[in-house]
Protein chains: 2
Amino acid sequence: MVIMVVSCRIAYSGRTSSDLGEGERLVILKEDGCVLVHRRSNYQPVNWQPSGCVFQTRIENQSLIIKAVRPSPLETLTMIVSRVEFLGTFQLNDEAEFLLHASEEDMQKAILAEPGLIEPGLQVVDFEKKVAPGFVDVCAVDSRGNTVVIEIKKDPAGVASVKQLAEYLKYIQVPAGRKLRPIIVAPSLAKGVLPMLTKMGFEFKPLTLQKSLETLQRLSRSDQSALKGWFESTKTKE
Amino acid sequence: MVIMVVSCRIAYSGRTSSDLGEGERLVILKEDGCVLVHRRSNYQPVNWQPSGCVFQTRIENQSLIIKAVRPSPLETLTMIVSRVEFLGTFQLNDEAEFLLHASEEDMQKAILAEPGLIEPGLQVVDFEKKVAPGFVDVCAVDSRGNTVVIEIKKDPAGVASVKQLAEYLKYIQVPAGRKLRPIIVAPSLAKGVLPMLTKMGFEFKPLTLQKSLETLQRLSRSDQSALKGWFESTKTKE
DNA sequence: GCCTGGATATCGTGC
DNA sequence: GCACGATGTCCAGGC
């Protein structure tokens, strides 16, 4: 990895184009062929190149010119370096595994493992069920035999979530004499969403990532092998 | 700006949580309170914190501990540094303005300034028109008085674009005896989209960013003041 | 290869 | 502060 603090000009050409005049920046070149150019502020790089680039360097008019070319889609980042404040190369020894502990998938797992999180008596029928344009997160049957369709969001559910669920419902068939109960599961509802929900006859069940995590950990401790077996049998069934 | 190459462990807790074991990484702390932790590969940082964080440092068990806390939403990044390979602080002098030359907005500007890009005789009626959940990019009237509704995409238009346009149409009113012509304007259509478009009676008009740019530049050269006047009068009208 | 959806998305803008 | 759309989004997973 090459780390440089330099004064430079930068031009990008590809999906669109950009120009940045002379100034001091932090430039990072990584071994997988990606580039990051950071200014003194902002989380995001001002210019960059995703991995897979080919680097070229040359000297022209007493300036160091660095090009990073990405073959597909074809885009080019050109840095014209007038002064080098710092330059270092580092071999980073880093084999650690990155563990992300919770996401929407964990909420789903928690519901699959413990349907009572939604309501007593609920039984899961299917999950990740393919319908026309996407997947239904969880399909279930309640204690009265009604069909329950669940859409999970880890963030406050907005209008888009409700529409997505409504879209899926078009492709769900309900046995005669049973009701269809669409449920949004999320930590909360976005501001104006409740009226819409009520109007459409949808339900909302609050569930946080944290609660899901706790549930998974509890179940994992109490009966790890059984849970694992459940997942495997379900997947095999698919 | 603080740039460090260190061996460290990292924990994140907030919108979700993560853990990363011991390894060598590049750590960047910026003056606006953002954090970037980069591994030897990948464009994206493995851990980060957006701007607005408060930093805390302390020594514990011969390790340097750096915390970056973001107040809202509350999230915490903790780095336990066991060894420092490099540490530098830099005052980056960088006042240059960043210029991005083209985006979807430029396609819209080009159409507003030169409706003939879509078809001869087209007249723009409105743009960024507020409808229920979003904004209609451009509203216009064709040479026969039919209402034209345009959705602009700078990337190949997929199913989502068509649905978005369809959604907006629900809120568009057409004068009696006139037709409604929904048009997708994009460089191309994604693979399976044309059948859907045809079925819904939508039209597709190819337009690239580059062509839009050329148009804007040509008009800018030929009649800069008039174009400026047009935009201002349109905005005032709003 | 294209397309779809998720992300600790981030960021700006309007309300 | 909240919601929503754009991003040179990036990226993994399917097909």
Side-chain angles (χ1 to χ4, degrees), chain A residues 10-19 34-37 41-52 70 72-77 98 100-105 128 130 132-135 137 152-161 164 188-193 209, chain B residues 10-20 32 34-37 42-53 68 70-77 98-108 128 130 132-135 137 151-161 163-164 188-193 209:
Chain A
I10 301 177
Y12 162 79
S13 173
R15 283 169 287 179
T16 176
S17 64
S18 72
D19 279 296
C34 70
V35 185
L36 300 155
V37 181
S41 293
N42 299 332
Y43 161 76
Q44 289 200 248
V46 63
N47 278 113
W48 71 92
Q49 205 67 292
S51 56
R70 189 189 188 195
S72 175
L74 179 60
E75 41 187 357
T76 307
L77 187 67
F98 178 72
L100 185 62
H101 294 303
S103 69
E104 201 174 291
E105 190 184 349
E128 292 299 324
K130 180 93 180 79
F135 297 85
D137 284 336
I152 303 169
K153 292 291 160 188
K154 77 173 179 51
D155 299 308
V159 174
S161 312
Q164 189 182 352
S188 65
L189 283 179
K191 199 175 284 178
V193 177
L209 259 177
Chain B
I10 301 177
Y12 162 78
S13 173
R15 285 169 287 179
T16 176
S17 65
S18 71
D19 279 295
L20 181 61
D32 62 347
C34 70
V35 185
L36 300 155
V37 182
N42 299 331
Y43 161 77
Q44 288 198 232
V46 64
N47 280 111
W48 71 92
Q49 204 69 291
S51 57
C53 289
R70 188 190 188 194
S72 175
L74 180 60
E75 42 187 357
T76 306
L77 187 67
F98 178 72
L99 293 172
L100 185 62
H101 296 303
S103 69
E104 200 172 291
E105 191 185 348
D106 293 270
M107 295 178 68
Q108 186 186 42
E128 291 301 323
K130 180 93 180 78
F135 297 84
D137 285 335
E151 174 67 28
I152 303 170
K153 292 290 161 189
K154 78 172 178 52
D155 299 308
V159 175
S161 313
K163 285 188 180 170
Q164 190 181 351
S188 64
L189 283 179
K191 201 174 282 178
V193 177
L209 260 176

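Lettering follows sequence order; numbering is per chain, from 1.
Taking the side-chain contact (heavy atoms from CB on, under 4.5 Å) definition, one finds that A:Thr76 meets it with A:Lys67, A:Val69, A:Thr78, sequence neighbours left out. For A:Ser41, the side-chain contact (heavy atoms from CB on, under 4.5 Å) partners at least two apart in sequence or on another chain are B:Glu31, B:Asp32. Taking B:Thr16 as the reference, A:Leu100, A:Ala102, A:Leu209, B:Tyr12 meet the side-chain contact (heavy atoms from CB on, under 4.5 Å) condition, with sequence neighbours excluded. Listed by chain and number, the residues in a side chain to side chain donor-acceptor pair (under 3.5 Å) with A:Ser161 amount to none (sequence neighbours excluded). Evaluation of the side chain to side chain donor-acceptor pair (under 3.5 Å) rule for A:Asp19 yields B:His101 as partners, not counting sequence neighbours.
Separating the C1' atom of D:dT7 from that of C:dA7 is a span of 13 Å, rounded to the nearest Å. Across D:dG8 and C:dG6, the matching P atoms stand 22 Å from one another, rounded to whole Å.
Contact annotation for A:Ser72: backbone-only contact, meaning every heavy-atom pair under 4.0 Å involves sugar-phosphate atoms and none involves a base.
The closest side-chain heavy-atom distance from B:Asp137 to B:Met107 is not below 4.5 Å.
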Can you check nucleotides 6-9 of chain C for protein contacts, nitrogen or oxygen pairs under 3.5 Å, and list what you find?
from  : atom 1 : to       : atom 2 : distance (Å)
C:dT8 : O2     : B:Tyr12  : OH     : 3.3
C:dT8 : O2     : B:Arg15  : NH2    : 2.8
C:dT8 : O2     : B:Glu75  : OE1    : 3.4
C:dT8 : O4     : B:Asn47  : ND2    : 2.9
C:dT8 : O4     : B:Trp48  : N      : 3.2
C:dA9 : OP1    : A:Lys154 : NZ     : 3.4
C:dA9 : OP2    : A:Lys154 : NZ     : 2.2

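Where B:Asn42 and A:Lys191 meet DNA chain D, the nucleotide closest to each residue was compared, and A:Lys191 sits on the side nearer the 5' end.
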